[in-house]
Amino acid sequence: MPSTPDLHARLRRLLGAVLLPALLLAPLAAQAAEWPAAELFKLLAQQKSGRASYIEKKYIGILDKPVESSGTLAFTAPDKLEKRTLKPRPELLRLEGDKLYIEQAGKAPLNLNLSSYPEVAAFVDSIRATLAGDRKALENSYQLNLLGSADKWQLILLPKYTSMSAILTRIAISGRQGEVQRIEFALADGDHSEMLISKVGP
Amino acid sequence: MIARLRTHALPLGLWLLALAACVTVILHTRFIADLSAFMPKAPNARQQMLIEQLRDGIIARLVMVGIEGGDAASRAELSRQLAARLRQDPAFVGVQNGEASVETRDRSYFFDNRYLLSPAMSAERFSSEGLQAAIGASVEKLSGDAGLMLKKLLPHDPTGETLALLEQFAGGQQPRQLEGAWASRDGTRALLLVQTRADGSDTDAQAASLERVRETFASLPAHQAGHRLLLSGTAVFSVTSRERIQSDIHRLAIGSSILVIGLLLAIYRSPRLLGLGLLPVASGLVAGIAAVSLVFGNIHGLTLAFGSTLIGESVDYSIYYFIQRAAGIEASRFWRTMWLGVLCSLAGFAVLLVSGFPGLAQLGVFSMAGLVGAALVARHVLPALMPQQLQISDLSAPARLLDRIFRSLRRLRPLLLAGALAATAWILWQGDTIWNRQLNALSPVTRAEQDLDMALRNDMGAPDMRYIAALTAPDAERALQAAEAVGQVLRAEVAAGRLGGFTSPAQFLPSRQTQQARQQALPDEASLRSRLGDALRELPVRAERLEGFVADVQKARQQPLLSRADLAGSSAALGVDSLLIQRQQDWLVLLPLRAPAGQEELDTRALEAALQGAGQSGVTVLDILEESTSLFASYLSEAKLLVACGMGVIFLLLLAALRSLPRALRAVAPLACAVIGVTAGLLASGTSLTILHLIGLLLVVAIGRNYTLFFDAGSHAGNAEQQRQVQVSILVANLTAVGSFGVLAFSSVPVLAYLGCTVGPGAFLALVSAAILARDQDASAH
């Protein structure tokens, strides 16, 4: 009957033999299993332009059912993004560099500098920088987390700064290869929205 | 000597009495230095009043502040620190820099009082159908891009009143935000807007306020070596131009005094003669200041600076007197010529009296009174004080030399005439392009300062106040009611796309009448609940989510009506104060208008017609830019006429005195050559002519005719020796005039610089032309 200290020593040895390599290997295994982010951003960056239609649903707490809108999206690398809402109210949102242009039916168009509204900037940049494959721009405001494979990936963006996380808890962007198919926003107050995107052309 | 004094007792006594009286007046004179005196007056009293209001009202109390250097974060920090200090300072009424604290206050003012402020408020809006439509629209808006931001408003403001009232301000630009403070468009400057407590017209207090801003900025903890402070605005303009004018006055006075004294000493070589020579000048200055003070109640610093030219003109009298007396020229003949000269000068300066510039009218009175005073003293006082035997240094050697030079100049006559003809042709060929029609060409504010002002104004998104609808009312309440009535017409114009937008004080503070009407449109709790129940039947919102709305509406029904005091600390206060202005008799409402998007110009006539058609006939629609440009053009044509008249009068005076048309024409010919020569010179140097150049040309004629007259008088005078002495006196007189006007040319105040660079060279050209055109047979009587 081995003494208690002996048992402890053997257990430690066992743990060392089995767990340590496992611990060391775990990240490697995870990396091998998951698709590297660099690959995704390379694919995304290759899409120099694209046109798509979208349907967006907003789930808002005070409303009994989600509100839905639809329209088209157009992106031109590196920094031009146009969101044209057709239903239920026509609206145009055009983003180019630091300039945000907003047009609403029956109202004077608005020109804004994104840098004046850092929160809005972080919001719209999450989509634009993803489409552009601009990892650096995303990492300025978000912590990135990529799941899945090239054919079914999901990029999770978590806000880095409290100014942003007070509004937004998480953005989930998913797609297939270089194509973004779905964008979900989860807001800090529990509301959320999802946007389904189907590609129409380059 | 005693006997001589006795015979001259009367003029001496009168002179001393007059001096004492003038000094008494001067001691009670207010000296001013604001720049508006040298801007043209508006012809129409109503426009004048409005322009003054824009200049002296709240606009004149706003200082735009820029902070440069360092990085964006440090600039924003400086902006916050500066704003915090200045808000504590009693010299300032308000400071805005885009800080969150003020924005929050603004937002809460508009949100808390939305039911009294919203232009969409009506009883129908709070019926079941109205509520359904308004809430339905709000729900629909939630689906849009701004939906996630608007949703916070919905439980308390389901009808969207906050948005409806904020939309009134859309299209007006806000400065860009950087690091939590206003910044320029390119992000290299932090911006603040400071409102001083002191009135725009109180330049001393404004200067002190600006100094406070500078001192405070320099003492901020975050201030580093690389940071710079920029200030602009009407207050800054008036303070800096006053400083500039004051330093100019000193410079010009010292410069021309040294010049003239040096010249006189060189010729007389006698301090006593120098003192006597300056006597008419000093008396003239005193008389001029007293006269201006009596006529206008104050004297402008620039008028004093102009005094240096008076020195140049009036010192001539003693020069002529001394030299010609020493030469033994008959006194009566000499004085006849001199009085004719004085009359011609008066004719020239009289034109200034009727010019549209209040400051130039002062110059006119000053010069006329000064010249008459100087001439009287030279005529009646100098002889009493003159030494029995005039010991003037022997000028015969330089006189002979001068005579030879003048003689040889006569060979240039064909060249001069040919040159004058060519220059005339060249000037005529350029046609109307020789005139400068820019109003700010006369402003003492430098180009760089104007550019900075423009840059800050653009960054601020400040309304450029080019288009303004204005109306008056007997009290504030009626003024706001009138503004609301006009606003209704303007809103229709905006909807039709004929107007880009407008700002009205009633958007910040509606009339009590309107506030009451809006309050009465709100239903009581029971009816609101039942109507809400009907309205929500078709909508995805449950009534229990809108408890905040029901409570807020009940609060709004009872809330006291808004007054100016409720605006304190918000930027709406500035909006009301700058657009609703109390005056002595009445209240003035200004409604700045914006041209439709993508359009530079606004059709003011069509707008006025639309307002009249809607029964709003008490409203004037002004295009400030056009008003001032057309104003300036009308002044230019007026000045052309006046200058032509002045020159005509001078010619008639010459004709009357010389009693011979050929002699009068000969006397005028050198003046014509001088005027043409100076004009061509100015144009060749790239200057386009302003009203001041035109007036300068008149002065060239008024002063230059002295030389031709004396040449003419000389040509008919006795001996060659006298003739040569006359030439010396003319040259000395000319040099003092050229010198004293030449000093003006270096003034940093355009009004004076333009006069100086026209009259200085012009006077010299007049002398040279007179010498060239003098007739040989007249002059060579030796």
Side-chain angles (χ1 to χ4, degrees), chain A residues 55-71 83-95 98-121 123-124 127 163 167-168 185-193 195, chain B residues 72 98 135-156 158 163 167-187 461 494-495 497 499-501 536 539-549 594 596-598:
Chain A
I55 299 175
E56 190 176 16
K57 277 187 186 163
K58 294 194 175 86
Y59 297 84
I60 297 175
I62 39 169
L63 298 183
D64 294 338
K65 54 181 190 194
V67 281
E68 200 178 283
S69 61
S70 59
K83 183 184 179 199
R84 191 181 283 277
T85 309
L86 300 171
K87 270 190 239 173
R89 298 155 59 85
E91 206 171 293
L92 174 67
L93 205 138
R94 191 186 301 133
L95 184 64
D98 184 43
K99 299 258 180 300
L100 180 60
Y101 172 85
I102 302 170
E103 206 180 273
Q104 286 171 308
K107 277 185 215 161
L110 257 175
N111 274 302
L112 299 174
N113 271 315
L114 264 192
S115 51
S116 298
Y117 308 91
E119 281 80 27
V120 179
F123 232 91
V124 295
I127 305 176
S163 61
I167 307 170
L168 184 76
F185 287 97
L187 302 187
D189 58 9
D191 291 351
H192 66 108
S193 75
M195 185 192 244
Chain B
I135 298 173
S138 293
V139 169
E140 208 175 85
K141 274 185 195 149
L142 291 184
S143 69
D145 291 305
L148 296 179
M149 301 182 193
L150 297 178
K151 66 175 191 184
K152 264 182 263 167
L153 288 172
L154 195 78
H156 284 268
L163 279 185
E167 263 161 24
Q168 299 178 94
F169 306 112
Q173 283 178 330
Q174 275 282 310
R176 174 178 172 182
Q177 286 272 348
L178 204 59
E179 305 281 344
W182 281 347
S184 61
R185 284 196 190 152
D186 62 0
V494 172
L499 184 65
L536 295 180
L539 292 170
V541 190
R542 262 170 285 154
E544 55 265 36
R545 304 229 193 246
L546 301 182
E547 279 307 313
F549 169 56
R594 291 186 292 277

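Note that these values count all heavy atoms, side chains included, but never hydrogens, waters or copies made by symmetry. Fair warning: this is a prediction, and the values are worked out from it, not measured in the lab. In what follows, chains are A, B, ... by sequence order, proteins preceding strands, each numbered from 1.
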Using the rule given for side chain to side chain contact (heavy atoms under 4.5 Å, CB included), can you reason through A:V67 versus B:K141, listing the C-alpha separation, both sets of side-chain angles and the distance that settles it, and then say yes or no? CA-CA 9 Å; A:V67 281; B:K141 274 185 195 149; over 6 Å; no
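A:P90 is linked by a side-chain contact (heavy atoms from CB on, under 4.5 Å) to nothing, counting only residues two or more places apart in sequence or in another chain. Residues that satisfy the ring pair (Phe, Tyr, Trp, His ring centres under 6.0 Å) test with A:Y101, not counting sequence neighbours, are absent from this structure.
Using a distance-only test at 3.5 Å, with no hydrogens or angles considered, no donor-acceptor pair links the side chain of B:R542 to the main chain of A:I62.
Nearest heavy-atom pair, A:P88 versus B:E140, reported as atom, atom and distance to 0.1 Å: CG-CG, 3.7 Å. Across every non-hydrogen atom of A:K58 and B:L142, the tightest pair is CD-O, 3.4 Å.
Salt bridge absent: A:D189 and B:K152 never bring a charged side-chain N and a carboxylate O closer than 4.0 Å.
Atom-to-atom distance recorded for B:L539:CG and A:D64:CG is 10.0 Å, nearest 0.5 angstrom. To the nearest 0.5 angstrom, B:R176 atom CZ is 5.5 Å from A:D98 atom CG.
Ranked by non-hydrogen atom pairs under 4.5 Å with chain B, the options A:L63, A:T85, A:L93, A:I167 are led by A:L63.
In this structure, the portions of B:V139 lying under 4.5 Å from any heavy atom of chain A include both its backbone and its side chain.
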